[in-house]
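First up is the structure itself, then whatever we jot down about it.
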Amino acid sequence: MAVIAFVSPKGGVGKTTAALLLAGEIADQGGKVCIIDADPNQPLMAWSEMPGRPENITVVNCRSENDIGDLIEAGEESANFVLVDLEGAATATVTFAIGMSDLVIIPCKGSHLDAQQAARAILLVRGAARSSRRSIDHAILFTQLPPALRSINYSDIEAQFSHNEVPVLPVPVYNREAYRTMFSTGGTLHTLDVKGVGNIKAAKENSAAYAAAVIDRLRQQSEQETAA
Ligand SMILES: Nc1ncnc2c1ncn2[C@@H]1O[C@H](COP(=O)(O)OP(=O)(O)OP(=O)(O)O)[C@@H](O)[C@H]1O
Ligand SMILES: [Mg+2]
């Protein structure tokens, strides 16, 4: 059982996409996932109303900061993973969700402007950790990278994060058409009607590797807690 929040004050970095990819991988392996859609635009509520949602993914709507705590606790009761998709802003809901998370994933596109916003997200996590008097694991997830090229910007930013001891997930989420298609047709990578969707095989490999990196991070965390 783990609570994972997707956080960045910057809009459009790939929070919702990363949340749905992870949900799809966990569900494909038989795990139960509760997604809390805490974005007022409700992209995942809209997704859940389209065909193709696996039965072991439920999506619930969070309408106010007063509800987020109850929804996370209820999700922990009913599912193996609670994924919280947050809006691209620093709101009370975001702070409360961070405070209740086992892992905060901070999606970041490979530009300097995005890295600055990711740094703001890290400050939010550190603030929430301080106010709850515990450490909150967090990691940058590079998103929407071009699959073929390793951009100079990205390598440079990665080096800066590493220099500042900011954890980075070892697998980026590449820019793939299949990831956009999930939101236009419904379903996950594993339930998509793949006709006409470009390079679904590579998308599936990338998505599985990303999910494995997240699960591995949670595993390491629980091993450290057991050893402490
Ligand atoms: N890895 C990816 N490959 C292809 N398209 C992507 C990828 N990640 C995100 N996108 C597209 O970029 C746009 C923004 O992505 P998404 O909605 O996931 O970002 P967000 O951080 O949740 O945005 P917001 O802050 O508005 O909630 C969407 O059109 C989405 O389909
Ligand atoms: Mg979103």
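Whatever order the structure lists them in is the order used to number ligands and atoms, beginning at 1. Nothing here was measured: the structure is a model prediction, and the numbers come from that model. Keep in mind that the numbers below use all heavy atoms, side chains included, and drop hydrogens, waters and symmetry copies. Along the sequence shown, the residues carry numbers beginning at 1.
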Inset, instruction - Could you tell me the residue and atom name of the protein heavy atom closest to atom 24 (P) of ligand 1, and the distance to it rounded to 0.1 Å? - result: Gly12 N, 3.5 Å
Inset, instruction - May I ask you to identify the nearest protein heavy atom to atom 7 (C) of ligand 1, giving residue, atom name and distance to one decimal place in Å? - result: Gln144 CG, 3.4 Å
Inset, instruction - Please name the residue in the list Val171, Asn175, Leu145 that meets the side-chain contact (heavy atoms from CB on, under 4.5 Å) test with Asn206. - result: Val171
Inset, instruction - Apply side-chain hydrogen bond (donor to acceptor under 3.5 Å, both in side chains) to Asn199 and Glu177, showing your working. - result: CA-CA 8 Å; Asn199 215 342; Glu177 184 195 357; over 6 Å; no
Inset, instruction - May I ask you to check whether Glu177 has an N/O atom sitting below 3.5 Å from an N/O atom of ligand 1? - result: no
Inset, instruction - Would you mind running through ligand 1 and noting each atom that sits below 4.0 Å from a heavy atom of Val13? - result: 19 (O), 20 (P), 21 (O)
Legend entry - Short side-chain donor-acceptor distance under 3.5 Å, Arg217 and Gln220: no
Inset, instruction - Kindly check if the number of other-residue, nucleotide or ligand heavy atoms within 6.0 Å of NE2 (His112) is above 12? - result: yes
Legend entry - Heavy-atom protein contact below 4.0 Å for atom 29 (O) of ligand 1: no
Legend entry - Nearest atoms (heavy-atom pairs only) where Asp39 meets Leu86: CB-C, 4.3 Å
Inset, instruction - For atom 17 (O) of ligand 1, find the nearest protein heavy atom and state the residue, atom name and distance (0.1 Å precision). - result: Thr16 CB, 4.0 Å
Legend entry - Side-chain touch Asn80/Val33, heavy atoms, less than 4.5 angstrom: no
Legend entry - Enumerated ligand 1 atoms positioned under 4.0 Å from heavy atoms of Asp39: 27 (O)
Legend entry - Distance from atom 3 (N) of ligand 1 to nearest protein heavy atom, with residue and atom: Arg176 N, 3.0 Å
Legend entry - Contact check, side chains of Phe142 and Val13, non-hydrogen atoms, under 4.5 Å: no
Inset, instruction - Please state whether the separation between the Mg ion (ligand 2) and some N/O/S atom of Thr17 is under 2.8 Å? - result: no
Inset, instruction - Identify the protein heavy atom lying closest to atom 11 (C) of ligand 1, giving its residue, its atom name and the separation to 0.1 Å. - result: Arg180 CG, 4.2 Å
Legend entry - Numbering as shown, the atoms of ligand 1 that approach Gly88 to under 4.0 Å (heavy-atom distance): 25 (O)
Inset, instruction - Check if Asn175 has a non-hydrogen atom at a distance under 4.0 Å from any atom of ligand 1. - result: yes
Legend entry - Numbered atoms and elements of ligand 1 in range of Val173, under 4.0 angstrom, heavy atoms: 1 (N)
Inset, instruction - Please confirm whether Asp85 comes within less than 3.5 Å of ligand 1 when only nitrogen or oxygen atoms on both sides are compared. - result: no
Legend entry - Geometric N/O contact Tyr179 with ligand 1, under 3.5 angstrom: no
Legend entry - Atoms in ligand 1 flagged as close to Gly11, the criterion being non-hydrogen separation under 4.0 Å: 25 (O)
Inset, instruction - Grab the two heavy atoms, one from Val84 and one from Ala38, that are nearest each other, plus how far apart they are. - result: CG1-CB, 4.3 Å
Inset, instruction - May I ask you to decide if Gly24's main-chain N or O and Asp28's side chain share a donor-acceptor pair within less than 3.5 Å? - result: no
Inset, instruction - Answer yes or no: does an N/O atom from Glu87 fall short of 3.5 Å to an N/O atom of ligand 1? - result: no
Inset, instruction - Give the residue and atom name of whichever protein heavy atom lies nearest to atom 1 (N) of ligand 1, and the separation in Å to one decimal. - result: Tyr174 O, 2.8 Å
Legend entry - Pairing of Glu223 and Arg219 as salt bridge, 4.0 angstrom limit: no
Inset, instruction - Please could you name the atoms of ligand 1 that Thr17 approaches to less than 4.0 Å, counting only its heavy atoms? - result: 8 (N), 9 (C), 10 (N), 15 (O), 16 (P), 18 (O), 30 (C)
Inset, instruction - Considering heavy atoms of the protein only, find what lies nearest to atom 19 (O) of ligand 1 and give residue, atom and distance to 0.1 Å. - result: Gly14 N, 3.0 Å
Legend entry - Heavy-atom side-chain contact between Val173 and Leu21 under 4.5 Å: yes
Legend entry - Common cluster, Leu141/Leu123, ILVMFWY with side-chain heavy-atom separation under 4.5 Å: no
Inset, instruction - Would you mind checking if Asp85 and Lys15 are paired as a salt bridge, meaning a charged N to carboxylate O distance below 4.0 Å? - result: no
Inset, instruction - Answer yes or no for atom 9 (C) of ligand 1: protein heavy atom present at a distance under 4.0 Å? - result: yes
Inset, instruction - Using a strict cut-off of 4.0 Å, indicate which atoms of ligand 1 neighbour a heavy atom of Lys15. - result: 18 (O), 19 (O), 20 (P), 21 (O), 22 (O), 24 (P), 25 (O)
